[in-house]
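Presented below is the structure to which this report refers.
Below, chains carry the letters A, B, ... as their sequence lines are ordered, and counting in each starts from 1. Just so it is clear, the structure is predicted and the values come from calculations on it, not from any experiment.
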Protein chains: 2
Amino acid sequence: MTAKRANYHHGDLRAGLVEATRQLVEEKGPDRFSVSDACRAAGVSTAAPYRHFNDRDEMLLAVCSEGMERFYDTMSAAVADKAPGTIETINDLGLAYIKFATSEPGVFRLSFGIAREHEGNPEIVERGQRIYGILLAQVAAYFGKPDVDDEVLERAFPLWTMVHGLSFLLIDEKITALDLQLDIETMMRENTRRLLAD
Amino acid sequence: MTAKRANYHHGDLRAGLVEATRQLVEEKGPDRFSVSDACRAAGVSTAAPYRHFNDRDEMLLAVCSEGMERFYDTMSAAVADKAPGTIETINDLGLAYIKFATSEPGVFRLSFGIAREHEGNPEIVERGQRIYGILLAQVAAYFGKPDVDDEVLERAFPLWTMVHGLSFLLIDEKITALDLQLDIETMMRENTRRLLAD
DNA sequence: TTGCCAAAGTTAGAAGCCCTAACATATGTA
DNA sequence: TACATATGTTAGGGCTTCTAACTTTGGCAA
């Protein structure tokens with residue numbers, strides 16, 4: 001990186017900074033990320049970002065928002081062309097969740113920290129709801145319901161907490177720290193089944 | 001705070017700084033915490049902490065370590081004087097986990113971030129293992145096993161992921177963000193039962 | 001085509017952060 | 001009582017985020 005550019009103007013600095021920020025967030029984590037680093041990577045002065053973002057947090061917000069769009073795509077792809085409402089499909093959706101968390105831990109962390117700090121930023125909340133909606137639809141189908149009612153909510157939620165917890169334990173390296181040898185896929189299949197049973 | 005002291009020496013600055021740090025971590029979160037703030041709270045100069053800690057991270061580590069001791073005590077208390085290896089007791093243990101996470105979210109976050117950054121700090125790892133050991137013992141008792149074998153590990157782990165995920169969703173305020181009305185206790189009881197079933 | 005305005009860069013610098021070096025004071029022990 | 005050591009202090013370097021004022025440039029109106 002640190003590409004020297006010939007022109008005074010960058011071309012698309014906003015996009016360049018978002019990408020640089022995303023990479024740095026994955027390398028160092030959201031809390032170790034610095035605006036200065038992103039500027040060096042994009043090859044601009046440290047004042048340049050403030051033409052496009054109000055502050056550091058807004059840069060992270062942009063990465064989060066864009067990342068959640070990818071998250072949604074990943075989750076959609078996991079259920080596309082599969083029999084809706086089967087345990088197998090629901091389990092694959094869970095595995096896709098874990099896959100995203102472990103392949104983009106920085107963005108994943110950002111997605112679950114940022115709404116707290118931005119007090120329910122509507123854009124982020126809406127993206128979160130769309131992602132969760134994929135699971136809700138599958139669980140509704142599993143129980144043969146035409147739409148999402150209270151029972152569907154009650155049965156879908158623990159599935160979420162399980163994959164969410166597993167994702168964090170994986171990216172925080174608690175599994176290796178406790179020397180747990182686990183076959184994630186087998187463990188998931190068994191317990192998705194258990195959580196959907198009576 | 002910002003207590004002016006009469007003496008040149010503080011008395012027990014290390015303990016004072018740990019407590020100030022703990023409070024600030026709860027107020028602002030581990031990433032927004034600053035050494036300067038802790039110094040102001042303890043009423044000392046910004047150079048004083050470096051007589052007791054190598055750097056900022058070591059101050060957070062001290063809070064984490066002390067916090068995990070409290071975490072262990074809370075978890076122990078939750079199973080003390082209860083019939084070991086019953087669903088009810090195992091569920092109460094899960095509720096204690098969630099209670100700690102929601103009442104001390106800063107310390108809870110610290111506990112699950114810090115081992116990653118300190119590459120398996122032995123003190124933290126040992127404390128984590130002791131806490132997890134409480135659950136393992138209960139699950140072993142549930143299955144009538146004399147000690148913790150592979151099956152116990154396989155059956156205990158999903159219980160952990162569920163309460164861990166639920167804890168994070170609660171402290172990151174995802175439940176309110178998604179307008180989920182949930183009775184946590186009922187939800188927990190039902191799904192602890194499901195995860196322990198065949 | 002030219003002229004000018006707004007967009008998007010720049011440098012300079014304020015205020016705050018972490019941490020170190022050098023200096024000051026108090027405490028415990030010989 | 002003397003003094004070594006522990007534990008405070010102030011001063012300052014080099015980093016950070018962000019603002020103010022200046023500069024360049026692209027695009028549109030006359």
Side-chain angles (χ1 to χ4, degrees), chain A residues 1-64 106 110 113-114 117-118, chain B residues 1-64 106 110 113-114 117-118:
Chain A
M1 269 291 169
T2 325
K4 274 274 155 64
R5 81 212 114 85
N7 308 333
Y8 188 88
H9 287 282
H10 180 281
D12 192 355
L13 180 55
R14 200 195 136 88
L17 284 171
V18 169
E19 176 54 18
T21 300
R22 192 194 61 74
Q23 278 187 29
L24 286 163
V25 161
E26 293 305 340
E27 271 172 41
K28 314 191 167 188
D31 42 342
R32 308 286 198 200
F33 154 79
S34 86
V35 177
S36 315
D37 279 343
C39 291
R40 275 186 284 275
V44 293
S45 74
T46 58
Y50 300 93
R51 299 283 166 216
H52 302 277
F53 306 96
N54 280 322
D55 56 21
R56 181 183 182 282
D57 281 349
E58 225 178 81
M59 295 174 72
L60 292 173
L61 185 64
V63 170
C64 176
L110 226 38
I114 227 148
E117 282 161 22
H118 289 71
Chain B
M1 270 291 167
T2 325
K4 274 272 153 64
R5 81 210 116 84
N7 309 331
Y8 187 89
H9 286 282
H10 180 280
D12 192 356
L13 181 55
R14 199 196 137 88
L17 284 171
V18 169
E19 176 53 18
T21 301
R22 193 195 61 72
Q23 278 187 31
L24 286 163
V25 161
E26 292 304 340
E27 271 172 42
K28 313 189 167 190
D31 44 339
R32 308 286 199 198
F33 154 78
S34 84
V35 177
S36 315
D37 279 343
C39 291
R40 275 186 284 275
V44 293
S45 74
T46 58
Y50 300 95
R51 297 286 168 213
H52 302 276
F53 306 95
N54 279 323
D55 55 22
R56 181 185 182 278
D57 281 349
E58 224 177 82
M59 294 174 72
L60 292 174
L61 184 65
V63 170
C64 176
L110 226 38
I114 227 150
E117 281 161 23
H118 290 72

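Distance B:Asn54 CG to C:dC19 C1': 11 Å, rounded to the nearest Å. B:Asp31 places its CG atom 14 Å from the P atom of D:dT17, with the value rounded to the nearest Å. Rounded to an integer number of Å, the gap from B:Phe33 CZ to C:dC17 C1' is 12 Å. In this entry the distance linking OH of A:Tyr50 with C1' of C:dA7 reads 19 Å, nearest Å. The CG-C1' distance, from A:Asp12 to C:dA8, rounds to 12 Å in whole Å. With rounding to whole Å, B:Arg32 atom CZ is found 14 Å from C:dC18 atom P. Residue A:Arg14 contributes atom CZ, which lies 15 Å from atom C1' of C:dA7 at whole-angstrom precision. Residue B:Arg51 contributes atom CZ, which lies 16 Å from atom P of C:dT27 at whole-angstrom precision.
Atoms CZ and CG, from A:Arg40 and A:Leu24 in turn, are 9.5 Å apart once rounded to the nearest 0.5 Å. The CZ atom of A:Arg22 lies 13.0 Å from the CG atom of A:Leu60; values are rounded to the nearest 0.5 Å.
Nearest nucleotide to the B:Val35 side chain, out of C:dC18, C:dC17, D:dC18: C:dC18. Set against C:dC17, D:dT9, D:dT17, the side chain of B:Asp37 has C:dC17 as its closest nucleotide.
A close approach under 4.0 Å does occur between a side-chain nitrogen or oxygen of B:Ser36 and OP1 or OP2 of C:dC18. Distances shorter than 4.0 Å separate none of the side-chain N or O atoms of B:Thr46 from OP1 or OP2 on C:dC17. The shortest distance between the side-chain N/O atoms of B:Arg40 and the OP1/OP2 oxygens of C:dG16 is not below 4.0 Å. Of the side-chain N and O atoms in A:His52, one or more sit less than 4.0 angstrom from OP1 or OP2 of C:dG9. Of the side-chain N and O atoms in A:Ser45, one or more sit less than 4.0 angstrom from OP1 or OP2 of C:dT10.
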Legend entry - Trace of the side-chain contact (heavy atoms from CB on, under 4.5 Å) decision for A:Tyr50 with A:Val35: CA-CA 10 Å; A:Tyr50 300 93; A:Val35 177; 4.1 Å; yes
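Scanning both residues, A:Thr46 and A:Cys39, for their nearest heavy atoms gives CA-SG, 3.6 Å.
Within the 4.5 Å cutoff, side-chain heavy atoms of B:Leu17 are placed close to those of B:Phe53.
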